[in-house]
Amino acid sequence: MNSNNRGHFPFVNSSSSESSDEFDEWLEYENEAMEIEEQIAINMIARNNYVIHQLLLIQQSDQEATMAESPVQMNLVPTEATSESFAEYGQVIEASSDGDLFGPNDAQLDLSRGIPRFYIMRLEGRSLGFSTITHHANVTQCLGSIGGHVWYLGVAKPSLIEDADRERVGDNVESGSDGHLYAPPTVEEVRVFRFSGPKFVKLNRGTWHAGPLFSDSSMDFYNLELSNTNEVDHTTRSFKKKNGVIFRFEDSTSSS
């Protein structure tokens with residue numbers, strides 16, 4: 001049968017058995033034809049959606065390229081890092097007396113998701129500005145300057161979306177380096193903290209951070225994280241690319 005025969009009943013004048021066979025044949029054909037037409041329609045819709053998606057990606061890429069070419073500079077004022085001022089991002093750990101028992105003022109660590117790595121990290125040529133920010137979803141990273149020099153850290157509050165939060169999150173959700181979910185930080189959330197003297201910082205799991213940053217030519221830091229943090233747990237957000245913004249701040253060492 002061809003499509004011109006659809007809706008035509010060739011078995012009307014046939015015998016009962018022949019009519020039944022022809023009807024079954026006709027019904028099978030009609031069902032197959034409908035399935036083919038439905039599949040064609042589905043394929044057309046899927047193709048149109050794909051084309052729209054690709055066009056949106058191209059448009060987004062063009063917008064990001066334009067913003068990255070002429071970013072707006074945001075000038076931040078550093079805040080001195082203390083236990084109180086840094087509480088939303090982690091802990092500032094200072095010296096305690098020998099023999100003190102473990103308590104809430106000690107670093108509350110989470111190193112349970114891998115092999116801990118404690119090492120000295122040498123950094124060189126760090127300027128007092130940044131355009132990207134990073135978080136680690138699987139570890140509470142600790143950083144401190146060897147020698148107690150002045151250094152800075154750009155931060156934004158943790159925005160990890162845990163299993164219990166998935167039902168109440170909105171559309172602004174992205175996937176991290178290991179598949180975890182998070183809400184991107186906003187420009188307005190970014191802060192810069194100043195660290196000085198014999199202290200170190202413990203970043204809460206998922207705290208966004210840029211740095212360490214400093215005005216010296218080089219500086220050594222002790223760093224506590226996991227052995228594979230830099231390979232599998234390193235989610236970075238570019239404010240220059242996504243928001244057309246870079247951050248700068250002044251070295252306040254001379255005024256301290």
Side-chain angles (χ1 to χ4, degrees), residues 56-92 123 125-141 143 150-162 165-166 168-196 201-215 225 229-230 233-253 255:
L56 290 175
L57 288 178
I58 293 172
Q59 183 182 22
Q60 180 182 0
S61 178
D62 291 342
Q63 290 174 345
E64 291 175 354
T66 301
M67 288 189 294
E69 288 176 0
S70 55
V72 175
Q73 179 174 303
M74 303 287 290
N75 297 312
L76 303 176
V77 177
T79 299
E80 188 68 26
T82 66
S83 297
E84 294 75 20
S85 66
F86 201 75
E88 291 184 300
Y89 313 96
Q91 294 177 272
V92 176
L123 300 177
R126 295 299 181 102
S127 64
L128 301 182
F130 57 95
S131 61
T132 62
I133 199 165
T134 298
H135 76 228
H136 309 307
N138 295 322
V139 67
T140 51
Q141 184 182 21
L143 294 164
V150 173
W151 58 284
Y152 300 87
L153 192 69
V155 296
K157 289 185 291 186
S159 56
L160 298 177
I161 298 172
E162 309 288 4
D165 300 325
R166 296 192 181 193
R168 58 183 179 83
V169 298
D171 296 330
N172 193 25
V173 176
E174 296 188 12
S175 178
S177 57
D178 62 350
H180 67 273
L181 300 179
Y182 67 90
T186 65
V187 171
E188 294 75 18
E189 292 179 279
V190 177
R191 301 287 184 272
V192 169
F193 283 86
R194 178 182 185 271
F195 295 84
S196 61
V201 61
K202 183 220 79 177
L203 299 174
N204 289 338
R205 199 168 55 83
T207 292
W208 294 94
H209 56 283
L213 305 170
F214 46 85
S215 57
E225 54 188 10
T229 295
N230 288 327
D233 187 20
H234 202 273
T235 300
T236 298
R237 177 85 174 178
S238 173
F239 285 107
K240 183 178 180 180
K241 181 178 178 181
K242 298 292 186 180
N243 304 92
V245 168
I246 60 175
F247 299 95
R248 295 287 300 174
F249 58 93
E250 298 288 335
D251 185 357
S252 58
T253 301
S255 61

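Just so we're clear, the structure is a prediction, and the values are computed from it rather than from any experiment.
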Could you walk me through whether H180 and T235 pass the side-chain contact (heavy atoms from CB on, under 4.5 Å) test, one step at a time?
CA-CA 10 Å; H180 67 273; T235 300; 3.3 Å; yes
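- By the 4.5 Å heavy-atom criterion applied to side chains, L160 and H135 are counted as neighbours.
- Judged by distance alone, the side chain of N172 and the main-chain N or O of A183 form no donor-acceptor pair under 3.5 Å.
- With rounding to the nearest 0.5 angstrom, the OG atom of S70 is 10.0 Å from the NZ atom of K240.
- Contact annotation: the side chain of F193 never approaches that of V201 to less than 4.5 Å [non-hydrogen atoms, C-beta and beyond].
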Should L213 and F249 be marked as a side-chain contact (heavy atoms from CB on, under 4.5 Å) after you check the CA-CA gap, both sets of side-chain angles, and the distance that decides it?
CA-CA 10 Å; L213 305 170; F249 58 93; 3.8 Å; yes
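- Across P212 and L153, no two heavy atoms sit closer than the pair N-CD1, 4.1 Å.
- Atom CG in D251 sits 12.0 Å away from atom OG in S127 (nearest 0.5 Å).
- Of all heavy-atom pairs between M74 and V187, the closest is CE-CG1, 4.0 Å.
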Under the side-chain contact (heavy atoms from CB on, under 4.5 Å) rule, what do F239 and V190 come out as? Steps first, then yes or no, please.
CA-CA 10 Å; F239 285 107; V190 177; 3.7 Å; yes
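- Of all non-hydrogen atoms in Y152 and E250, the two that sit nearest each other are OH-O, 4.3 Å.
- More than 12 non-hydrogen atoms from other residues, nucleotides or ligands lie less than 6.0 angstrom from CD of E174.
- A salt bridge links R205 with E162: the distance from a Lys NZ or Arg NE/NH1/NH2 to an Asp or Glu carboxylate oxygen falls below 4.0 Å.
- Between the side chain of S85 and the backbone N or O of E80, at least one donor-acceptor pair lies under 3.5 Å.
- Atoms CG and OG1, on L203 and T134 in that order, are 11.0 Å from each other to the nearest 0.5 Å.
- A side-chain N or O of N204 and one of K202 form a donor-acceptor pair less than 3.5 Å apart.
- Note that CH2 of W151 and CZ of R126 are 11.5 Å apart. Values are rounded to the nearest 0.5 Å.
- T207 places none of its side-chain heavy atoms less than 4.5 Å from the side chain of Q141.
- In plain terms, the two heavy atoms of E189 and P184 that are nearest each other are OE1-O, 4.4 Å.
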Should R194 and V150 be marked as a side-chain contact (heavy atoms from CB on, under 4.5 Å) after you check the CA-CA gap, both sets of side-chain angles, and the distance that decides it?
CA-CA 7 Å; R194 178 182 185 271; V150 173; 3.5 Å; yes
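- Contact annotation: the side chain of K157 approaches that of Y89 to within less than 4.5 Å [non-hydrogen atoms, C-beta and beyond].
- Closest heavy-atom contact between V155 and I133: C-CD1, 4.0 Å.
- If you take CZ on F86 and CZ on R191, they are separated by 12.5 Å, rounding to the nearest 0.5 Å.
- Panel note: side chain S177, backbone H234; a donor-acceptor pair is recorded below 3.5 Å.
- Atoms CZ and CZ, from R248 and F130 in turn, are 10.5 Å apart once rounded to the nearest 0.5 Å.
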